[in-house]
Amino acid sequence: MELLAPAGSFEAAKAAVNAGADAIYMGGPLFSARAYAKSSADGMEKEEAETPLMKALSYCHLHRVKVYMTVNTLMKEKELSGIEEYLRPYVEQGIDAFIVQDPGLMAHLKKVFPEVPLHVSTQAAVTGPRYAGRLKELGAVRVVPARELSLKELRAIADTGIEVEAFIHGALCYSYSGQCLMSSMIGGRSGNRGRCAGPCRLPYEVLDENRRPIGGEDENYVLSMKDLNTLGRLSELEEAGVCSLKIEGRMKSPLYVAGVTGIYRKWLDKAPADRDEAEFAEDMRRLGEIFDRGGTTDGYLDGKNGRDMVQLTEKEELRVPDAKVVEEITEKYLDISGKIPVRVKAVLRKGSPVSLTISEAGGGECVTVRGQEVQQAGNRPVTEDVIREKLFGFGTTELEPVEETIEAEEDIFVPSGELKALRRQAVEELYEAIRKSLRGNGGTV
């Protein structure tokens, strides 16, 4: 199953990749259902607005991680005319899918960008196989069903042949996603335009027909749902036909993204027989340390709901997470280069072209490029230190040499500019080889 992590910033995207995500989902500066994420244009300088997603695309693809772009708000008629121009740079950069809510937009994208897969957002509130099957007929390859579905209902949707992506962790809405108009009615901020103010998180007084309070004296958070946590039910989701496990949280910090993604990655990779109950309990505790809204729930997987899914009481004052947990997440996922380890070999022999080979240390792609012929030196032969500096200087790239080999004869000469150009060529060819390998594994880079 695919592990799909949220990214509201480039830093969060890197955190997700470092923690083991197979894919991320992220919005551009417009038409995203998280208008206040850092990847959005809101609150950002215009010249900076497009950089997070573009940077994330390049970074993620080099690490063989897919990127799905959220374009999942409802559209105004006048906005459709500019949508092709807005999305084309992301298509050219190799976006792996669009996540959409609006059926009109879906039809339009199918026409102008037929090569880009379409995923139907949870905002569309897909609740059954009939709707899912119809969306498949219209060209969608995947649906993100409403979060209120049981395992049985997810299985029925998967049986239509469409891919099913299900939320496994994070915030829950009180209403079906895309169907709540409370924020719009109260404050003029529509969730269907990406601006939900979260009024369900506020306290309310509930009265009966005689205006008498209902419930306990301190039970005022009657619409505030506990967070979803399905760490113990991953195998059941797989049996239900779910192909992608989605973590909620594009408004969350890189620390949250890395911590949650890392724990789910760990338990996805474990065989059921290897599950240690003490270790599992500790990771559940760590998830609570990373973020705690006052309790968790496994949602509607068993088809039930009730007051135990709602927080009801005011949560404790914001507490500082366990410093050890924060330190471990930071050291393991955030304070690392995240670069691709490579082996590098240069061969320089008189009368033969300069040869530079770069290969992924993990046994992935390997490229060899050749430059101009190596000459007999005159007064100033090229030294090994110069060769190393010009050919192995990958500081501004996503590559990190872990093994360097130079086979060079004495008294040779190659212009420094030629060595640097050869390095740039080798880097670009390795990047392209990695992108092609992602395409070959079902990507659309």
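Within the 4.5 Å cutoff, the side chain of L356 has heavy atoms near those of the F392 side chain. Using a 4.5 Å heavy-atom cutoff, the side chains of R435 and L438 are not in contact. At a threshold of 4.5 Å between non-hydrogen side-chain atoms, the residues M69 and L57 do not count as touching. Side chains of V141 and L118 form no contact here, defined as non-hydrogen atoms less than 4.5 Å apart. E409 has its side chain within reach of I412: a pair of non-hydrogen atoms, C-beta onward, lies under 4.5 Å apart. In this structure, D302 and S150 have side chains that are not in contact, with every pair of non-hydrogen atoms separated by 4.5 Å or more. The closest side-chain heavy-atom distance from V144 to S121 is not below 4.5 Å. Contact check for M225 versus M309: side-chain heavy atoms found under the 4.5 Å cut-off.
With respect to the salt-bridge test (charged N to carboxylate O, under 4.0 angstrom), the residues E428 and R424 do not qualify. Remark: D385 does not engage R388 in a salt bridge, criterion side-chain N to carboxylate O under 4.0 Å. A salt bridge does not link E418 to K390: none of the charged nitrogens lies less than 4.0 Å from a carboxylate oxygen. Under a 4.0 Å N-O distance rule, the pair K339/E400 does not qualify as a salt bridge. With respect to the salt-bridge test (charged N to carboxylate O, under 4.0 angstrom), the residues R285 and E282 qualify. Ion pairing between E328 and R286 holds under the 4.0 Å rule for side-chain N and carboxylate O. Taking the charged nitrogens against the carboxylate oxygens, R233 and E236 do have a contact shorter than 4.0 Å, which makes a salt bridge.
Among all heavy-atom pairs drawn from P254 and L334, the shortest one is O-CD2, 4.1 Å. When every heavy atom of L419 is checked against every heavy atom of L391, the shortest pair comes out as O-CD2, 3.2 Å. Residues I24 and C60 share a closest heavy-atom pair of CD1-SG, 3.7 Å.
Residue pairs satisfying the salt bridge (charged side-chain N to carboxylate O under 4.0 Å, His left out) criterion with at least one member in residues 254-265, sequence neighbours excluded, are listed as follows: D22-R265, R265-D269. Applying the ring pair (Phe, Tyr, Trp, His ring centres under 6.0 Å) definition to pairs two or more places apart or across chains, those involving residues 114-143 are Y68-H119.
Distance alone, capped at 3.5 Å, places no donor-acceptor pair between the D322 side chain and the E289 backbone. Side chain of T122 to main chain of P145: a donor-acceptor pair is present (N/O by atom type, distance under 3.5 Å, no hydrogens or angles). Side-chain N or O atoms of Y176 include none that pairs as donor or acceptor with a backbone N or O of T127 at under 3.5 Å. Although no hydrogens or angles enter the test, the distance criterion places a donor-acceptor pair under 3.5 Å between the side chain of Y59 and the main chain of G338. Listed for the S224 side chain is no donor-acceptor partner under 3.5 Å among the backbone atoms of Q311. Of the possible polar contacts, one joining the N229 side chain to the L231 backbone as a donor-acceptor pair under 3.5 Å is found. With hydrogens and angles disregarded, a donor-acceptor distance shorter than 3.5 Å links the side chain of T397 to the backbone of F394. In this structure, the side chain of R147 engages the main chain of A171 through a donor-acceptor pair within 3.5 Å. No donor-acceptor pair closer than 3.5 Å links the side chain of S58 to the backbone N or O of K55. No donor-acceptor pair under 3.5 Å is formed between the side chain of R64 and the backbone N or O of I434.
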I would like to know whether L53 and Y90 meet side-chain contact (heavy atoms from CB on, under 4.5 Å); could you show each step before the answer?
CA-CA 8 Å; L53 180 53; Y90 300 102; 3.4 Å; yes
Decide salt bridge (Lys or Arg N to Asp or Glu O under 4.0 Å) for E360 and R343; before the verdict, give the C-alpha distance in whole Å, the side-chain angles of both, and the deciding distance to 0.1 Å.
CA-CA 6 Å; E360 291 184 90; R343 297 187 177 94; over 6 Å; no
Should H63 and N18 be marked as a side-chain hydrogen bond (donor to acceptor under 3.5 Å, both in side chains) after you check the CA-CA gap, both sets of side-chain angles, and the distance that decides it?
CA-CA 9 Å; H63 289 78; N18 294 343; 5.4 Å; no
Under the salt bridge (Lys or Arg N to Asp or Glu O under 4.0 Å) criterion, do D276 and K270 qualify, and how do the steps go?
CA-CA 10 Å; D276 178 84; K270 276 183 178 290; over 6 Å; no
Let me see the working for R275 and E277 under salt bridge (Lys or Arg N to Asp or Glu O under 4.0 Å), right down to the final yes or no.
CA-CA 6 Å; R275 173 167 165 169; E277 291 303 324; 3.1 Å; yes
Criterion salt bridge (Lys or Arg N to Asp or Glu O under 4.0 Å) on E137 and R134, from CA distance to verdict:
CA-CA 5 Å; E137 292 172 0; R134 180 58 178 151; 3.0 Å; yes
Ignoring hydrogens and angles, write down the donor-acceptor pairs under 3.5 Å from the side chains of residues 365-373, residues two or more places apart or on other chains.
unit_1	atom_1	unit_2	atom_2	d
T368	OG1	T357	OG1	2.8

Show me the donor-acceptor pairs within less than 3.5 Å that the side chains of residues 99-106 make with the rest of the protein, sequence neighbours left out.
unit_1	atom_1	unit_2	atom_2	d
Q101	NE2	N72	O	2.9
D102	OD1	G104	N	2.8
D102	OD1	L105	N	3.2
D102	OD2	M75	N	2.9

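Within the 6.0 Å centre-distance limit, the rings of Y86 and F31 are counted as a close aromatic pair.
Relative to the ring axis of Y25, R250 does not place its NZ or CZ within 45° and under 6.0 Å from the centre.
Residues passing the side-chain hydrogen bond (donor to acceptor under 3.5 Å, both in side chains) test with D335, sequence neighbours excluded: none. For N305, there are no side-chain hydrogen bond (donor to acceptor under 3.5 Å, both in side chains) partners at least two apart in sequence or on another chain.
Classified by interplanar angle (parallel below 30°, tilted 30° to 60°, perpendicular above 60°), the ring pair Y264/H169 is perpendicular.
Atom CG in L3 sits 8.0 Å away from atom OG in S244 (nearest 0.5 Å).
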